[in-house]
Number of protein chains: 2
Amino acid sequence: MTTPSVPIPTLRRLPRYYQYLSGLRAAGQERVSAAHMAEVLGVHHTQVRKDLTMAGCLGRPKTGHRVADLIAAIEGFLHWDSHSDAFLVGAGSLGTALLKYPGFEKAGARIVAAFDNDPAKAGHRIGDTPVLPLEKFANLAERMHISVGILTVPPAAAQATADLMVASGIRALWNFAPVTLDLPSHVIVENLELFTSLALLLRRLSDSSS
Amino acid sequence: MTTPSVPIPTLRRLPRYYQYLSGLRAAGQERVSAAHMAEVLGVHHTQVRKDLTMAGCLGRPKTGHRVADLIAAIEGFLHWDSHSDAFLVGAGSLGTALLKYPGFEKAGARIVAAFDNDPAKAGHRIGDTPVLPLEKFANLAERMHISVGILTVPPAAAQATADLMVASGIRALWNFAPVTLDLPSHVIVENLELFTSLALLLRRLSDSSS
């Protein structure tokens with residue numbers, strides 16, 4: 001059972017709560033109030049309460065929430081208690097970094113294979129993940145019913161690669177290429193915008209210096 | 001001269017416009033209308049016009065904008081026609097990927113040195129960038145008046161490393177660690193939230209399947 005109407009800002013905040021709560025758990029803290037979370041994380045306390053309610057955490061105004069309960073609720077709500085198999089295309093430096101990045105499986109995605117059109121890369125492993133020639137993508141994605149694709153190719157190859165992935169059954173695309181992809185409306189795209197994030201930082205720095 | 005009151009959503013959209021316009025320029029297209037950009041990029045046309053006006057592009061309702069003018073205006077507005085020197089800390093797989101990632105200088109930041117507390121990494125270069133022992137950070141950052149820091153250390157080291165960076169004069173921190181940093185209010189932090197982005201993708205996929 002899922003709730004399609006969760007606001008995207010809530011979906012953006014829940015992983016931040018999760019990281020904060022994981023830190024509390026690691027430090028041995030057992031209870032926390034929404035008000036305290038709000039203060040530490042810089043989110044209005046009404047918003048924290050709404051977000052937690054939406055994730056299925058019941059309010060405990062007097063005693064605060066149990067940290068373990070909040071973690072379990074957020075994990076369930078974000079489907080982090082299960083995971084999706086994903087294929088990655090583009091085993092360059094960024095793709096390699098993602099393949100070595102710890103914690104994706106915990107965050108709901110397991111990269112089961114990587115693909116590259118450079119024959120020198122195919123046949124090797126990066127971390128535990130095999131790198132295969134790009135020609136094998138379509139056949140394997142269809143046979144393994146892969147829905148999630150991670151796109152880490154250079155900008156010039158991004159659109160053609162995304163088209164191939166979608167034609168092979170990918171319905172959710174995590175795009176790291178700084179390109180606005182033109183894809184069918186049923187495909188869900190989440191762009192990880194490195195340059196936008198950097199631009200924001202530099203602009204805010206410049207504004208603060210003026 | 002800077003305008004501190006630019007809305008953050010505008011700052012997030014301008015790099016997307018820029019990428020799209022760069023594509024048009026590469027394809028030899030000389031003019032484009034705000035209405036067309038709005039349609040392709042999925043942003044309301046009123047918003048596109050407001051954003052472009054804020055970046056200093058004058059409207060040309062009849063003939064459309066010159067692509068080259070829009071590109072130059074956005075570059076100037078985002079300070080992409082100059083760049084800030086930045087130090088990166090954490091030369092692991094993610095830090096290495098960023099050091100090899102093309103285009104940061106174009107996007108306003110030049111990573112002039114990387115630092116790591118692993119003695120085996122110090123003394124080498126990644127791409128063109130020297131990797132130095134972390135002990136040298138404070139002295140070099142102060143001497144070179146570095147304002148921008150990029151944080152790519154493991155989560156457990158993130159807060160202590162950020163504290164060191166701020167104590168050494170860093171005023172703008174691009175944080176890749178999935179950690180909510182506790183820093184003085186004058187420090188500008190932009191969190192690149194990999195796990196949040198992935199969570200959004202998977203949740204939207206799950207919602208669309210239900």
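So you know, we letter chains A, B, ... as the sequences are listed, proteins then strands, and number each from 1. Side chains are part of it too, since the values below use all heavy atoms of this structure and drop only hydrogens, waters and symmetry mates.
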Specify which of [options] makes the most heavy-atom pairs with chain B at under 4.5 Å.
| options | result |
| --- | --- |
| A:D182, A:I150, A:L99, A:L173 | A:L173 |
| A:A26, A:G92, A:G23, A:A109 | A:A109 |
| A:L200, A:T180, A:L94 | A:L200 |
| A:V189, A:L202, A:L198 | A:L198 |

Query - Polar side-chain atom of B:Q29 near backbone of B:R31 as donor-acceptor pair, under 3.5 Å - result: yes
Kindly indicate whether the side chain of [X], heavy atoms from C-beta on, has any atom under 4.5 Å from the side chain of [Y].
| X | Y | answer |
| --- | --- | --- |
| B:V89 | B:L164 | no |
| B:T129 | B:V131 | no |
| A:V187 | A:L181 | no |
| A:W174 | A:V148 | no |
| B:I188 | B:R171 | no |
| A:H83 | A:D85 | yes |

**Report entry** Enclosure of A:E30 CD (heavy-atom neighbours >12, cutoff 6.0 Å)
**Finding:**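 Not more than 12 within 6.0 Å, no.
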Contact leader toward chain A among [options], where contacts are heavy-atom pairs under 4.5 Å:
| options | answer |
| --- | --- |
| B:P178, B:A199, B:P15, B:G108 | B:P178 |
| B:L98, B:T96, B:V179, B:L192 | B:L192 |
| B:L78, B:N191, B:L194, B:L14 | B:L194 |

Query raised in the report: Is chain A contacted by the side chain of B:F176, its backbone, both, or neither, given a heavy-atom distance below 4.5 Å?
Result: both
**Report entry** Residue part contacting chain A, namely of B:S197, when any heavy atom lies under 4.5 Å
**Finding:**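 For B:S197, the contact with chain A is made by backbone and side chain together.
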Report task. Measure up the A:F137 and A:F115 rings against each other and bin them: parallel (under 30°), tilted (30 to 60°), perpendicular (over 60°). Result ->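 Rings of A:F137 and A:F115: perpendicular, over 60°.
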Report task. Enumerate by number any residue of residues 34-46 of chain A whose heavy atoms lie under 4.5 Å from heavy atoms of chain B; in the absence of such residues, state 'none'. Result -> A:L41
Query - Sole residue of B:I126, B:D116, B:L132 in side chain to side chain contact (heavy atoms under 4.5 Å, CB included) with B:K121 - result: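 That would be B:D116.
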